[in-house]
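Heads up: the structure comes next, in structure tokens.
The structure displayed is predicted, hence computed values, not measured ones. Quick note: residue numbers are just sequence positions, from 1.
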Amino acid sequence: MGTVRGRPLLAGAFLGVLLLACCAGLVLAPGTPHQPWSDPVTESPAAATLDPAYQRLLEAGLVEITREETGIIVALPYATEENFMGRAVYASSRAFAVPELVDKLVRVQARLQASGYGLKVLDAYRPYSVQLIMWEAYPDPVWVGSPQRGSSHNRGAAVDVTLVDGDGEELEMPTPFDEFSPRAHVDYDGASVAARRHLSLLRAAMLAEGFVDYPAEWWHFSIPGASRYPLLDLPLPAPASGAGR
């Protein structure tokens with residue numbers, strides 16, 4: 001798969017990006033002030049930062065997914081070089097999403113924990129500008145959302161997850177995260193018995209709480225009606241000191 005390592009954008013490409021952003025109704029500034037999160041999970045002291053990027057995300061209606069508050073492990077490959085592009089495109093490994101999604105995710109975590117398992121978040125809200133970088137690296141709409149429509153990740157309405165055991169260790173799945181091949185399809189039957197069982201457990205818990213899956217990627221789930229949320233291009237904040245993510 002393609003690897004992009006810091007290629008400069010041409011002026012023409014930049015103008016094209018602006019045009020796409022306008023057509024997509026891109027929100028470049030904070031939107032409606034954040035309403036209280038309905039789940040009885042409070043914001044941790046580590047998350048209560050004065051980081052302007054963090055504040056803008058809250059003002060745009062997103063909330064942070066933290067292990068301290070939810071029990072869900074958060075580790076975003078896009079904040080490292082361990083991804084299909086081979087370079088970090090996020091400022092930090094901090095995950096944000098709309099409250100509706102986080103409410104559902106907390107309920108999924110409770111379901112899984114009752115059986116000795118848990119969730120690990122691999123991606124959540126993704127700035128639209130990062131979507132453009134991904135499209136440049138791998139312009140295939142099966143695997144990367146086209147900039148013309150944007151991704152539900154750009155709306156904070158999708159999450160990429162995997163299953164972990166009681167010690168927080170990732171369990172075998174049909175493929176690694178972001179393997180763009182038919183083996184990543186949810187109906188692929190050539191995986192090991194263990195991988196198929198783990199995926200079945202993950203999907204059953206996610207679908208039971210109202211998530212919508214994506215047939216081409218076993219790790220990707222969104223909430224119904226994701227398109228009603230605006231596209232956002234607000235950067236992720238810097239790492240939270242002492243947050244332990």
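R94 contributes no side-chain N or O that, together with a main-chain N or O of P237, makes up a donor-acceptor pair within less than 3.5 Å. Side-chain atoms of T70 come within 3.5 Å of backbone N or O of T66 as a donor-acceptor pair. Formation of a donor-acceptor pair under 3.5 Å by the Q109 side chain with backbone atoms of L119 is found in this model. Using a distance-only test at 3.5 Å, with no hydrogens or angles considered, no donor-acceptor pair links the side chain of T162 to the main chain of K120. The closest donor-acceptor contact from the side chain of D233 to the backbone of S129 lies under 3.5 Å. Of the possible donor and acceptor atoms, none in the side chain of Q131 sits under 3.5 Å from a partner among the backbone N and O of S151. Using a distance-only test at 3.5 Å, with no hydrogens or angles considered, no donor-acceptor pair links the side chain of R155 to the main chain of S152. A distance-only check finds a donor-acceptor pair linking the side chain of N83 to the backbone of P77 [under 3.5 Å]. A donor-acceptor contact shorter than 3.5 Å is absent between the side chain of D167 and the backbone of E169. A donor-acceptor pair is defined here as one N or O able to donate and one able to accept, closer than 3.5 Å; no such pair exists between the side chain of R111 and the backbone of A205.
Note on E82 versus R87: no salt bridge recorded, every NZ/NE/NH1/NH2 to OD/OE distance being 4.0 Å or above. Using a 4.0 Å cut-off between charged side-chain N and carboxylate O, D213 and R203 make a salt bridge.
Atom-to-atom distance recorded for F221:CZ and D160:CG is 9.5 Å, nearest 0.5 angstrom. Rounded to the nearest 0.5 Å, atoms NE2 (H153) and OH (Y125) are 12.5 Å apart. To the nearest 0.5 Å, atoms NE2 (H220) and CH2 (W143) are separated by 12.0 Å. With rounding to the nearest 0.5 Å, the separation of CG in L76 from CD1 in I65 is 9.0 Å. Remark: M134 CE to D178 CG distance equals 7.0 Å, nearest 0.5 Å.
In this structure, the side chains of L232 and L62 come closer than 4.5 Å at one or more pairs of heavy atoms. A heavy-atom distance below 4.5 Å is found between the side chains of M206 and L105. A 4.5 Å side-chain heavy-atom check between Y90 and V130 finds at least one atom pair inside the cut-off. Side-chain atoms of L163 and L201, non-hydrogen and from C-beta on, do get closer than 4.5 Å to each other. S146 has its side chain within reach of W135: a pair of non-hydrogen atoms, C-beta onward, lies under 4.5 Å apart. Side-chain contact check for P141 versus Q148: every heavy-atom pair is 4.5 Å or farther apart. When side chains are defined from C-beta on, M85 does not count as touching Y138, because their heavy atoms never get closer than 4.5 Å. L101 has its side chain out of reach of K104: every pair of non-hydrogen atoms, C-beta onward, lies at least 4.5 Å apart.
Nearest heavy atoms, A216 versus H185: O-CD2, 3.3 Å. The shortest heavy-atom contact between G225 and R228 is O-NH1, 2.8 Å. The minimum heavy-atom distance linking P127 with P235 is given by the pair CG-CA, 4.3 Å. Summarising the geometry of A124 relative to A95, their closest heavy-atom pair is CB-CB, 4.0 Å, with the distance given to 0.1 Å. R107 and E209 make their closest contact through NE-OE1, 2.9 Å (heavy atoms, listed as atom of the first residue, atom of the second, distance). Closest non-hydrogen pair, P239 versus S92, comes out as N-CB, 3.5 Å.
Cluster membership for Y214 and F177, using ILVMFWY side-chain heavy atoms within less than 4.5 angstrom, is shared. Hydrophobic clustering, with ILVMFWY side chains joined whenever heavy atoms are under 4.5 angstrom apart, keeps M173 apart from L207. Residues V212 and Y229 do not share a hydrophobic cluster, defined by chaining ILVMFWY side chains whose heavy atoms lie under 4.5 Å apart. Linking ILVMFWY side-chain heavy atoms closer than 4.5 Å, directly or via other members, places W219 and V186 in a single hydrophobic cluster. There is no path of hydrophobic side-chain contacts, each under 4.5 Å, that joins L199 to Y188.
Contacts of D140 classified as salt bridge (charged side-chain N to carboxylate O under 4.0 Å, His left out), with partners at least two apart in sequence or in another chain: none. R197 pairs by the salt bridge (charged side-chain N to carboxylate O under 4.0 Å, His left out) definition with nothing, not counting sequence neighbours.
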Open item on the list: D123 vs V159, test: side chain to side chain contact (heavy atoms under 4.5 Å, CB included). Steps then yes/no.
Closed with: CA-CA 6 Å; D123 198 19; V159 65; over 6 Å; no
TODO: Go through the steps for F84 and E179 under the test side chain to side chain contact (heavy atoms under 4.5 Å, CB included), then give the verdict.
DONE: CA-CA 8 Å; F84 77 94; E179 178 179 309; over 6 Å; no
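Applying the under-4.5 Å side-chain rule to Ile, Leu, Val, Met, Phe, Trp and Tyr, the cluster around V164 extends to I73.
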